[in-house]
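No experiment lies behind these values; they were computed from the predicted model shown. Order of the sequence lines sets the chain letters (A, B, ...), proteins ahead of strands, with each chain counted from 1.
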2 protein chains.
Amino acid sequence: MKNTPVTIKDIARALNISISTVSRALRGMPEIHPDTRKAVTQLAEELDYQPNQLAKNLAKSRTRTIGVIVPNLSYYYFSAMLNSIEEAALQSGYSVLVCQTNESYLREITNIQNLLRSQVEGFIISLSRDTDNYEHVERLTRKNIPLVLFDRYAESINVSKVIVDNHAAAFKATEHLIENGCQRIGFLAGPAQLVLSNQRINGYRAALAKHGLSVGDQYVFNCDYTQENTIMQTLAMMSLQQPPDGVVIISDRMAYSAIYAMQQKGIRIPDDVAIVSFNNEPISAYFSPTLSSISQPIQEMGTETVRLLLREIEATDNTIPKETKVMETQLIVRGSSLRQRS
Amino acid sequence: MKNTPVTIKDIARALNISISTVSRALRGMPEIHPDTRKAVTQLAEELDYQPNQLAKNLAKSRTRTIGVIVPNLSYYYFSAMLNSIEEAALQSGYSVLVCQTNESYLREITNIQNLLRSQVEGFIISLSRDTDNYEHVERLTRKNIPLVLFDRYAESINVSKVIVDNHAAAFKATEHLIENGCQRIGFLAGPAQLVLSNQRINGYRAALAKHGLSVGDQYVFNCDYTQENTIMQTLAMMSLQQPPDGVVIISDRMAYSAIYAMQQKGIRIPDDVAIVSFNNEPISAYFSPTLSSISQPIQEMGTETVRLLLREIEATDNTIPKETKVMETQLIVRGSSLRQRS
DNA sequence: ACCGTTACCGCAAACGTTTGCGGTAACGGT
DNA sequence: ACCGTTACCGCAAACGTTTGCGGTAACGGT
């Protein structure tokens with residue numbers, strides 16, 4: 001007894017008019033008599049008519065939909081970016097379809113395929129952790145499907161990007177630790193294939209070099225973003241012959257685990273080890289100790305990402321040059337790195 | 001110079017066969033000669049043909065898609081539930097469309113409308129914080145569109161539900177605090193219109209009553225889930241003439257802020273105030289102090305929600321009785337509530 | 001040699017819209 | 001009274017698929 005949804009055919013039949021007239025009346029086209037328009041809208045309202053978006057999109061050969069693919073929405077950064085992207089898209093009359101890769105390369109591929117089949121007009125993607133091959137995204141550009149990467153990007157993919165100045169951010173974070181008296185600073189990084197992570201390592205190294213505090217590679221630990229691995233790497237770092245007195249950590253989430261591991265070993269933060277990390281999750285302000293973190297301009301990144309994408313979607317020719325927007329970050333200083341100057 | 005996507009028409013023309021044959025060949029129907037099938041699949045592969053899902057769904061009048069609406073994906077619970085739901089749906093050949101309400105009643109209404117227009121075959125909804133009117137969801141059941149509520153539900157809506165035993169969970173949490181020596185226990189609750197919150201309050205009151213430790217209403221504070229308000233309510237609670245020595249908190253996120261506020265005032269956890277909260281977010285295991293929390297069987301809840309929904313979607317008649325599945329919770333004891341017995 | 005069966009394929013309608021084009025009736029101007 | 005214009009509406013094709021039905025050619029059995 002499933003009742004099929006009401007269509008414009010139903011309305012047309014009930015009112016003894018054609019479906020064209022119903023269609024035009026509902027969309028407020030001018031060539032419809034006010035009386036019939038009123039009759040149509042009234043009946044539509046009464047029947048709670050909902051236009052079939054599939055049919056609409058198919059007939060117009062447009063969906064006004066963009067596909068967003070992110071690693072994981074439980075990270076504050078991606079969840080907030082999604083909200084920002086959705087808002088910006090909505091303002092331009094676009095809706096978004098979201099997918100998570102759960103950091104899996106394979107799911108990234110199937111997500112792209114599914115969204116393609118759903119006829120999205122463009123993609124906004126932040127690459128998964130395990131993605132080390134870019135054939136699947138380059139195929140999109142070969143099909144002339146607009147694509148903008150953000151945050152987790154790759155240099156070699158020739159598309160528009162919205163990123164932060166990772167080098168400068170890590171430089172700033174490291175220098176801040178140095179200013180707070182750290183002499184030997186380690187870095188808890190992400191997976192080695194993440195450009196974002198490597199750029200931050202470079203910024204960190206540059207800051208150390210500038211202050212004559214360079215350290216060996218053994219002070220940089222690669223992590224896979226899981227809590228267990230973070231704890232392992234943290235313990236390994238703190239077991240070095242000369243353990244660091246300051247650590248830059250690639251994400252707040254990892255910092256939470258790292259700090260826990262350190263505190264378990266009786267290491268005091270920030271007295272024994274000062275810490276700065278990235279993302280400035282809301283929880284960081286309430287963690288104990290409160291966590292110093294690099295904040296990214298999420299709102300601005302979202303609107304900029306959408307702007308770059310829509311520019312390509314709505315272009316008539318293909319001559320739009322790719323653009324890479326590099327945003328500035330802000331260091332939020334909190335308890336985990338603030339030492340009384342000695 | 002946007003190139004339009006390749007269709008079965010293109011393949012048919014190139015191979016000098018009809019689109020019916022292409023369609024059947026691609027779907028592996030038996031009445032196609034192996035040679036033509038091979039030619040079709042090969043060319044489709046070569047052209048990277050992607051079937052237009054809109055057309056497919058329209059032609060079959062089925063989408064095999066379910067709509068999921070949650071308050072906010074940055075909460076671990078909802079993000080994890082989404083993953084669990086997606087996995088279960090995928091296994092039955094369904095895909096999901098996700099929307100966030102950001103706790104707004106109005107966005108909940110527009111989300112439902114948009115998903116309806118996208119022809120989802122059923123809904124899985126966790127109500128927003130601000131939803132105090134259920135007309136928009138009851139309209140779905142009047143249209144005979146399957147709907148399952150989880151977590152944030154309402155008694156009066158006559159649909160299948162997947163929830164946890166909130167009363168028992170709060171009872172368990174409260175009794176645990178009592179066992180750890182708490183004599184005066186407060187409750188930091190959610191908004192007053194949330195049934196989930198009120199049920200937990202009842203469980204808390206029942207536990208207090210059982211142990212002869214009942215307190216007045218002034219020990220129950222309603223909160224709106226924001227960090228600022230949480231801190232305000234926490235400070236208000238701790239400023240009572242007789243401040244509590246134990247607090248049950250409606251969510252881990254709120255607990256983080258509350259603990260911060262307490263620690264700022266020099267209150268020690270768990271010595272001065274012992275704390276238990278709900279949701280068992282991954283971060284809670286690394287918070288300082290580690291946070292005791294009620295864990296919900298997310299995996300099971302997700303599969304159960306999908307099962308109840310698909311049961312209704314795939315039913316031929318409307319006689320399926322609504323079912324309410326109440327799950328058991330587990331108290332994870334950690335540092336925030338563990339006191340040395342005196 | 002004939003005929004029934006089978007294998008394989010195409011026609012055309014259908015899903016629910018949009019939209020270009022044409023058609024009729026009423027109107028206003030001379 | 002006549003005609004050009006305008007207001008309003010319907011026909012039918014189109015979007016890209018699926019699918020019931022029918023049709024032809026080849027085959028195997030007698």
Under 3.5 Å for both donor-acceptor distances, Watson-Crick or wobble: does D/dC11 have a partner, and if so which one?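 C/dG20 is the nucleotide pairing with D/dC11.
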So what's C/dG28 paired with, Watson-Crick or G-U wobble, going by both distances under 3.5 Å?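 Pairing partner: D/dC3.
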Could you state the atom-to-atom distance from [atom1] of [X] to [atom2] of [N] in whole Å?
X: B/Arg13; N: C/dG10; atom1: CZ; atom2: P; answer: 14 Å
X: B/Glu31; N: D/dC21; atom1: CD; atom2: P; answer: 14 Å
X: B/Ile11; N: C/dG10; atom1: CD1; atom2: C1'; answer: 17 Å
X: A/Leu15; N: D/dC9; atom1: CG; atom2: P; answer: 11 Å

Taking the basic N atoms (NZ, or NE/NH1/NH2) and the acidic carboxylate oxygens, is any pair closer than 4.0 Å for B/Lys38 and B/Asp35?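 Between B/Asp35 and B/Lys38 there is no salt bridge, as every charged N stays at least 4.0 Å from the carboxylate O atoms.
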Counting only side-chain nitrogens and oxygens, does B/His33 get under 4.0 Å of the OP1 or OP2 atom of C/dC8?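 The answer is yes; a side-chain N or O of B/His33 sits under 4.0 Å from OP1 or OP2.
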According to a strict under-4.0 Å criterion, is B/Thr21 in side-chain N/O contact with OP1 or OP2 of C/dC9?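 So the side-chain polar atoms of B/Thr21 never come under 4.0 Å of the phosphate oxygens OP1 or OP2 of C/dC9.
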Hey, is the main chain of B/Ser104 close enough, under 3.5 Å, to the side chain of B/Asn102 for a donor-acceptor pair?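 Not confirmed, B/Asn102 side chain does not pair with B/Ser104 backbone.
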State whether the side chain of A/Glu312 and the backbone N or O of A/Pro146 hold a donor-acceptor pair below 3.5 Å, judged by distance alone.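 A pair under 3.5 Å: no.
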Please state whether the rings of A/Phe78 and A/Phe150 are parallel, tilted or perpendicular, taking 30° and 60° as the class boundaries.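 A/Phe78 vs A/Phe150 ring planes: perpendicular.
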Give a yes-or-no answer on whether the side chains of B/Ser23 and B/Ser20 include a donor-acceptor pair shorter than 3.5 Å.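 B/Ser20 and B/Ser23 do not have a side-chain donor-acceptor pair below 3.5 Å.
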Please list each protein N or O that sits under 3.5 Å from an N or O in nucleotides 13-18 of chain C, with the distance.
from, atom 1, to, atom 2, distance (Å)
C/dC15, OP2, A/Lys9, NZ, 3.2
C/dC15, O2, B/Leu58, O, 3.4
C/dC15, O2, B/Ala59, N, 3.1
C/dG16, N2, A/Ala55, O, 3.3
C/dT17, OP1, A/Tyr49, OH, 2.9
C/dT17, OP1, A/Asn52, N, 3.3
C/dT17, OP2, A/Ile8, N, 3.0
C/dT17, O5', A/Tyr49, OH, 3.2
C/dT18, OP1, A/Arg27, NE, 3.4
C/dT18, OP2, A/Ser23, OG, 2.2
C/dT18, OP2, A/Arg27, NE, 3.4

Whether B/Arg142 engages the ring of B/Tyr134 as a cation-pi pair (distance to the six-membered ring centre under 6.0 angstrom, angle to the ring normal within 45°) should be assessed.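 Verdict for B/Tyr134: no cation-pi partner in B/Arg142.
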